[in-house]
Amino acid sequence: MNAHHDQDIEWDALGVHREREAGLHAPALAQTMDWLRDLLRTSGGGHTPVHRVLDIGSGPGVVTCLLVRTFPDAEVVAVDQSPGILERVRSRAVAQGIGSRVVTQLRESPGEFGWPNSADLIWIRNGFHRIGDQEAALRSLAG
């Protein structure tokens, strides 16, 4: 994480702002999800099953919930550095009736990629710029 950039930010306090921002982008994100789902259907000549999705830097869960709806057989793991933001993810998922398919994981540093299980899809929309060694993080995630 770039300490000079992030150390004084109160992510929990920005939750409402982050929800509004994600909500504004929701129509474009929904189109992106449709494209991604269709891409995985046609990739390699057949359907690529998606059972587990990591939403890195999930924010308040707008995208997390879109991922759940896009991939109906998948568990979606929302990963964020803020406990308050992850509580928003859980609340949003429960309110939408999909709480049983959303798992949250607190990661203090975006560089903490040592996942115990595999994932079929990794979504990183916001926050990648805060990772110090992006190449190492991508190698870790790909592994």
**Student:** So Val89 and Asp80, do their side chains get closer than 4.5 Å, heavy atoms only?
**Tutor:**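 SC-SC contact between Asp80 and Val89 ruled out.
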**Student:** Is there side-chain contact between Met33 and Arg69, with at least one heavy-atom pair below 4.5 Å?
**Tutor:**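 No, side chains not in contact.
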**Student:** Could you check whether any side-chain N or O of Asp120 sits under 3.5 Å from a backbone N or O of His51, counting only pairs where one atom can act as donor and the other as acceptor?
**Tutor:**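 Yes; at least one donor-acceptor contact below 3.5 Å.
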**Student:** Check Val62, Thr64, Ile98 against Arg92 for a side-chain contact (heavy atoms from CB on, under 4.5 Å) and give me the one that passes.
**Tutor:**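 Of the listed residues Val62, Thr64, Ile98, the side-chain contact (heavy atoms from CB on, under 4.5 Å) partner of Arg92 is Val62.
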**Student:** So do Leu36 and Phe71 actually touch side chain to side chain, heavy atoms under 4.5 Å?
**Tutor:**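 Sidechains of Leu36 and Phe71: in contact.
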**Student:** Roughly how far, to the nearest 0.5 Å, is the SG atom of Cys65 from the CG atom of Leu29?
**Tutor:**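 Interatomic distance, Leu29 CG to Cys65 SG, rounded to 0.5 Å: 12.5 Å.
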**Student:** Would Glu75 and Arg101 pass as an ion pair if we require N to O under 4.0 Å?
**Tutor:**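 Salt bridge: no.
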**Student:** With rounding to the nearest 0.5 angstrom, report the OG to CD1 distance, Ser58 to Ile124.
**Tutor:**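 If I round to the nearest 0.5 Å, the distance is 12.0 Å.
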**Student:** What is the distance from atom CZ of Arg37 to atom CG of Asp34, rounded to the nearest 0.5 Å?
**Tutor:**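 Nearest 0.5 Å value for the CZ-CG distance: 4.5 Å.
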**Student:** Could you tell me if the side chain of Val79 sits less than 4.5 Å from the side chain of Trp123, heavy atoms only?
**Tutor:**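 Side chain of Trp123 against side chain of Val79, heavy atoms only: no contact under 4.5 Å found.
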**Student:** Is the shortest side-chain heavy-atom distance between Val102 and Val68 below 4.5 Å?
**Tutor:**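 A side-chain contact exists here, since the closest heavy-atom pair is under 4.5 Å.
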**Student:** List the steps and the verdict of side chain to side chain contact (heavy atoms under 4.5 Å, CB included) for Val53 and Ile122.
**Tutor:** CA-CA 6 Å; Val53 178; Ile122 299 170; over 6 Å; no
**Student:** If you measure only the distance, is there a donor-acceptor pair under 3.5 Å linking the side chains of Arg90 and Thr104?
**Tutor:**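 Side chains of Arg90 and Thr104: pair found under 3.5 Å.
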**Student:** Decide yes or no on side chain to side chain contact (heavy atoms under 4.5 Å, CB included) for Trp35 and Leu40, but give the supporting numbers first.
**Tutor:** CA-CA 9 Å; Trp35 172 82; Leu40 291 171; over 6 Å; no
**Student:** Nearest 0.5 Å, what's the CG-CG distance between Leu54 and Leu121?
**Tutor:**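 Between atom CG of Leu54 and atom CG of Leu121 there are 8.5 Å.
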